[in-house]
There are 2 protein chains.
Amino acid sequence: MTVGTIRPGGRTARIRAAVLRAAADALVEHGFDRLDLADVARRAEVGKTTVYRRWGTAAGLVADLLEDMAEQSSPRTDTGSLAEDLRANAELVQRTLTDPRQGALFRAVIVAATCDSRAAEALHRFYAVRIAEWAPCVEQAVQREEVPPGTDAAEVIRAVSAPLYYRLLISGDPVDPATAERAAAAAVAAARAGVYIR
Amino acid sequence: MTVGTIRPGGRTARIRAAVLRAAADALVEHGFDRLDLADVARRAEVGKTTVYRRWGTAAGLVADLLEDMAEQSSPRTDTGSLAEDLRANAELVQRTLTDPRQGALFRAVIVAATCDSRAAEALHRFYAVRIAEWAPCVEQAVQREEVPPGTDAAEVIRAVSAPLYYRLLISGDPVDPATAERAAAAAVAAARAGVYIR
DNA sequence: GCCTTAATGAAACTGGAGTTCCGTTATGAC
DNA sequence: GTCATAACGGAACTCCAGTTTCATTAAGGC
């Protein structure tokens, strides 16, 4: 139990990095439902016993991958205009979701999160970090009086992403740049109207 | 191949109904990733060979279940006010997603859709039907000049649901009535601002 | 009501995901 | 450098989801 915590040095860390990279590759190629831990072990050039012992299940492996992903932060923009900032955010999300590798990876981890509570918690932490990273855009817009005081910054950021994920996972409509632009514009319009006041 | 098309009468239809009901029950209890076709067969009091022969895989079974679900339509409201209609729609979706049975079922079929292309097509058809069912609310609002001419009705309906599904699947935040109300209000504000003009 | 055969179902079979066992490697405290 | 043991890895094993086989049931055309 809790393998890799007493001697986390050299080999253990190297194996974790190799396995997480291999897991991401496998998720991109086959998706979460066809994730084979023996295949991941082969790709990482590691014994499959090691993968089963340290991560237990496919969902456990994805949960760890998500914690690793949460640590790599991507910086937000700061254009001085809420509409421009949210548009940049929407375009970033749009490009991520339509990128062959990133898009497939995100779909896979979202599936994992709906199947396993630890993966779900890791996914929620991941998005909490991303949302918190972009929230200052809205807070600054409040101070510039672009949107009403008391506007829930996190809720505005969520509102930008929501239509893109809805198309990706639910309706199957294309996640194109026009959709991103509309999502950002809608969030700005609603925020200005005071919809997101706490 | 294509079993049940030459003699679709009595027994074949009865078995389909029993298996789909059993599949829904199993999906609610265990989720898509732990859906066992032998278990479904047992619940439906049907041979597991039959389930494997007619539906092949768990995803194929879900695809058929979704086609069955798409046929059962739920009527929209018509209050004479876009804000009220969209609010009713948001509350309907909110109640559906938080209902123990319906919520679990929807999560399961969404997962299935991200794992299998036939299930994905069935899910997209299902939502296309639901969205088309509610689009007249927006079209009538256009005629009442509540929102600008050329407003994309389907896109407004999608905008209402998107934040609810985003919370359910991505951020993990609660899908509560307040969120539903905000989602409807945001869609109205954005539509009035002309964001959804084609 | 009769007959052809579509469709079902019980039982035996198979393959591979996940586990167990135990010898080997290399971490990190001294 | 030395040593105790944390962590790894190959091989054999287990178990069950999914397949195959073939006898039984009943749909639907006449």
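All of these numbers come straight from a predicted model, not from anything done at the bench. So you know, we letter chains A, B, ... as the sequences are listed, proteins then strands, and number each from 1.
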Check this for me: does the side-chain of [X] come within 3.5 Å of the base of [N] through a donor and an acceptor?
X	N	result
K48(A)	dG9(D)	no
R11(A)	dT25(C)	yes
T49(A)	dG10(D)	yes
R53(B)	dG18(D)	no

Using whole Å, report how far [atom1] of [X] lies from [atom2] of [N].
X	N	atom1	atom2	result
R34(A)	dA17(D)	CZ	P	18 Å
H30(B)	dA17(D)	NE2	P	11 Å
I6(B)	dA6(C)	CD1	P	6 Å
E45(B)	dA10(C)	CD	P	11 Å
L61(A)	dA17(C)	CG	C1'	15 Å
D39(A)	dG15(C)	CG	C1'	17 Å
D33(A)	dA17(C)	CG	P	13 Å
R54(A)	dA6(D)	CZ	C1'	11 Å

>> Any salt bridge linking E71(B) with R125(B)? Criterion: basic side-chain nitrogen under 4.0 Å from a carboxylate oxygen.
In response: no
Establish, with yes or no, whether the OP1 or OP2 oxygen of [N] is under 4.0 angstrom from a side-chain nitrogen or oxygen of [X].
X	N	value
T12(A)	dA7(D)	no
R14(A)	dT27(C)	yes
Y52(A)	dG18(C)	yes
R42(A)	dG9(D)	no
T50(A)	dG9(D)	yes

> If you pin G10(B) and D36(B) to their nearest nucleotides in DNA chain D, which one's is more 5'?
Replying inline: D36(B)
> Between T96(A) and D99(A), is a side-chain hydrogen bond (donor to acceptor under 3.5 Å, both in side chains) present by the stated rule, with each step listed?
Replying inline: CA-CA 5 Å; T96(A) 302; D99(A) 177 78; over 6 Å; no
> When you look at CZ of R34(A), are more than 12 heavy atoms from neighbouring residues, nucleotides or ligands closer to it than 6.0 Å?
Replying inline: no
>> Between D64(A) and R16(A), is the salt bridge (Lys or Arg N to Asp or Glu O under 4.0 Å) condition met? List the steps.
In response: CA-CA 9 Å; D64(A) 194 29; R16(A) 180 175 182 242; 2.9 Å; yes
>> For residues V28(A) and L169(A): do they belong to one hydrophobic cluster (side chain heavy atoms under 4.5 Å, members Ile, Leu, Val, Met, Phe, Trp, Tyr)?
In response: yes
